[in-house]
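Everything on this sheet refers to the single structure shown next.
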Amino acid sequence: MPIKKSINTPKQEISKKVLPIFLIFCLLIISAAFVWTFLNYQKAKKRILHLSTPEARQELAEQESSELLDKIKRHIILPTEESPMIAVIKNIESLISEQEFYKDAKNGDKLVVYKRIAIIYDPDRDILVNVGPVYTKNQQELTEDDNISVSEKIKREAERNRELSEIKNQIANEESVDILTLDIRNGSETVGAANNLKDELGILKKYDIINMSNAANSEYSENILINLKDIDIEDLESRLGIVAIKELPEIEKESDADVIIILGNK
């Protein structure tokens, strides 16, 4: 029986030639991917080793600080003659309980402290949360002691600002007091007596001097304080050493002021 020989078609012949080439191409791609992965691994490894040195960590910290300050500069002019202390706020509840300066801040915000100004910056919203002067009492504790922790530095900064907050509250309370309108009249023979009292009381924000003139005559024997509106003027009485009366002397003209002060010859 005759033996049949297999006859390859042209398509089969092409497939036999292409297959080895395709396999070699795939092998080259896999090898190239392996080499690329290995080189990147080595590069990353070197980067990690580099960042593990103190010098590298310091360099990275300086770079991050510089980038942060560049963002803040878009909102406010910063001091150029000094480097600030920069910290991340991590315990906002405790800070708020100690200092109102932090009331609108949150954990993760940046605290930037110069010798005379403190800034809270929110990097997420790119806004200044609060800006205020730093009270200089015990300032060296914050700037010179590098061995204390960041949280301790923040706590000390908060303690210094508490006194500033108290001063601000006192000012606010003074400004909230009702202002007394005064009419000062010179009822003595001393020239300039009314003007002298105006200078003394005018520097106090609680008094507004709306009139200054001579009284009906210059024969008043003593100072007189007239409370025209029947309001609390205890502080003024104490300051002048006079107990106020409510009735205006008949010879004197009326006034729109809360209080009339008549200076006499005493």
Side-chain angles (χ1 to χ4, degrees), residues 76-77 79 96-104 114-119 128-139 157-266:
I76 189 173
I77 298 176
I96 291 175
S97 66
E98 296 175 350
Q99 175 53 248
E100 189 179 2
F101 180 73
Y102 299 94
K103 67 183 180 65
D104 296 319
Y114 290 90
K115 289 182 179 179
R116 297 187 180 278
I117 186 174
I119 301 168
L128 300 182
V129 177
N130 205 350
V131 178
V134 174
Y135 191 59
T136 56
K137 183 180 179 181
N138 297 325
Q139 176 67 25
E157 192 272 337
E159 290 173 352
R160 290 198 315 280
N161 275 302
R162 185 184 300 112
E163 185 168 351
L164 177 62
S165 178
E166 292 174 356
I167 294 174
K168 287 182 177 179
N169 289 336
Q170 290 174 359
I171 294 174
N173 289 336
E174 275 192 14
E175 293 179 346
S176 65
V177 173
D178 292 335
I179 297 177
L180 288 177
T181 56
L182 305 181
D183 183 339
I184 302 177
R185 302 178 184 182
N186 186 5
S188 72
E189 296 178 352
T190 303
V191 177
N195 190 62
N196 292 338
L197 183 59
K198 176 186 176 182
D199 292 340
E200 179 183 337
L201 298 180
I203 62 174
L204 303 175
K205 294 182 178 180
K206 61 181 68 179
Y207 303 125
D208 179 18
I209 301 168
I210 63 173
N211 182 62
M212 188 179 67
S213 61
N214 290 322
N217 63 58
S218 59
E219 298 178 357
Y220 284 93
S221 60
E222 58 184 7
N223 297 337
I224 302 175
L225 184 62
I226 305 101
N227 186 352
L228 298 176
K229 305 287 181 63
D230 194 21
I231 55 180
D232 182 9
I233 59 170
E234 182 178 352
D235 181 77
L236 184 59
E237 288 179 316
S238 175
R239 185 176 298 275
L240 298 178
I242 309 172
V243 177
I245 61 176
K246 297 180 181 180
E247 298 295 330
L248 183 66
E250 293 183 358
I251 59 174
E252 295 293 335
K253 61 182 180 180
E254 297 290 336
S255 174
D256 294 328
D258 298 323
V259 175
I260 294 178
I261 303 173
I262 300 177
L263 300 176
N265 297 287
K266 66 170 185 176

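Not measured: the values here are computed from a predicted model.
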> To the nearest 0.5 Å, how far apart are CD in Glu237 and CG in Asp232?
Replying inline: 8.0 Å
>> So which atom in Ser188 and which in Ser218 form the shortest heavy-atom distance, rounded to 0.1 Å?
In response: O-CB, 3.3 Å
>> If you compare all heavy atoms of Gly132 against all heavy atoms of Phe101, which two are closest, and at what distance to 0.1 Å?
In response: N-CE1, 3.6 Å
> Under 3.5 Å, side chain of Asn130 to main-chain N/O of Asp104, donor-acceptor pair present?
Replying inline: no
> Can you find a heavy atom in the side chain of Pro79 that is under 4.5 Å from one in the side chain of Ile117?
Replying inline: yes
> For the residue pair Tyr207 and Asp235, what are the closest heavy atoms and their distance?
Replying inline: OH-OD2, 2.8 Å
> Any idea which heavy atoms bring Gly187 and Ala215 closest together, and the distance?
Replying inline: CA-CB, 3.6 Å
>> Does Lys253, at its NZ atom, have more than 12 non-hydrogen atoms belonging to other residues, nucleotides or ligands within less than 6.0 Å?
In response: no
> Is the count of non-hydrogen atoms from other residues, nucleotides or ligands lying under 6.0 Å from Ile251 atom CD1 greater than 12?
Replying inline: yes
>> Please determine whether side-chain contact (heavy atoms from CB on, under 4.5 Å) holds for the pair Asn227 and Leu236, giving the CA-CA distance in whole Å, both sets of side-chain angles, and the decisive distance to 0.1 Å.
In response: CA-CA 10 Å; Asn227 186 352; Leu236 184 59; over 6 Å; no
> At their closest point, which heavy atom of Leu228 faces which heavy atom of Ala257, and how far apart are they?
Replying inline: CD1-O, 3.4 Å
>> To the closest 0.5 Å, what do you measure between CD1 (Ile261) and CD1 (Ile224)?
In response: 12.0 Å
>> Looking at every non-hydrogen atom in both residues, tell me the closest pair between Leu201 and Arg239 and how far apart they are.
In response: CD2-CD, 3.5 Å
> Rounded to the nearest 0.5 Å, how far apart are CD1 of Ile226 and NZ of Lys229?
Replying inline: 13.5 Å
> Between Leu225 and Asn223, does a side-chain contact (heavy atoms from CB on, under 4.5 Å) hold up when you go through it step by step?
Replying inline: CA-CA 7 Å; Leu225 184 62; Asn223 297 337; over 6 Å; no
> What residues, two or more places apart in sequence or in another chain, satisfy salt bridge (charged side-chain N to carboxylate O under 4.0 Å, His left out) together with Asp256?
Replying inline: none
>> Distance alone, cut at 3.5 Å: any donor-acceptor contact between the side chains of Thr181 and Asp258?
In response: yes
>> Rounded to the nearest 0.5 Å, what separates atom CD1 in Ile209 from atom CG in Leu197?
In response: 6.5 Å
> Roughly how far apart are Arg185 CZ and Leu263 CG, rounded to 0.5 Å?
Replying inline: 11.5 Å
>> Between Ile262 and Glu252, is the side-chain contact (heavy atoms from CB on, under 4.5 Å) condition met? List the steps.
In response: CA-CA 10 Å; Ile262 300 177; Glu252 295 293 335; 3.9 Å; yes
> Quick one: CG on Leu182 to CD1 on Ile233, what's the gap to the nearest 0.5 Å?
Replying inline: 9.0 Å
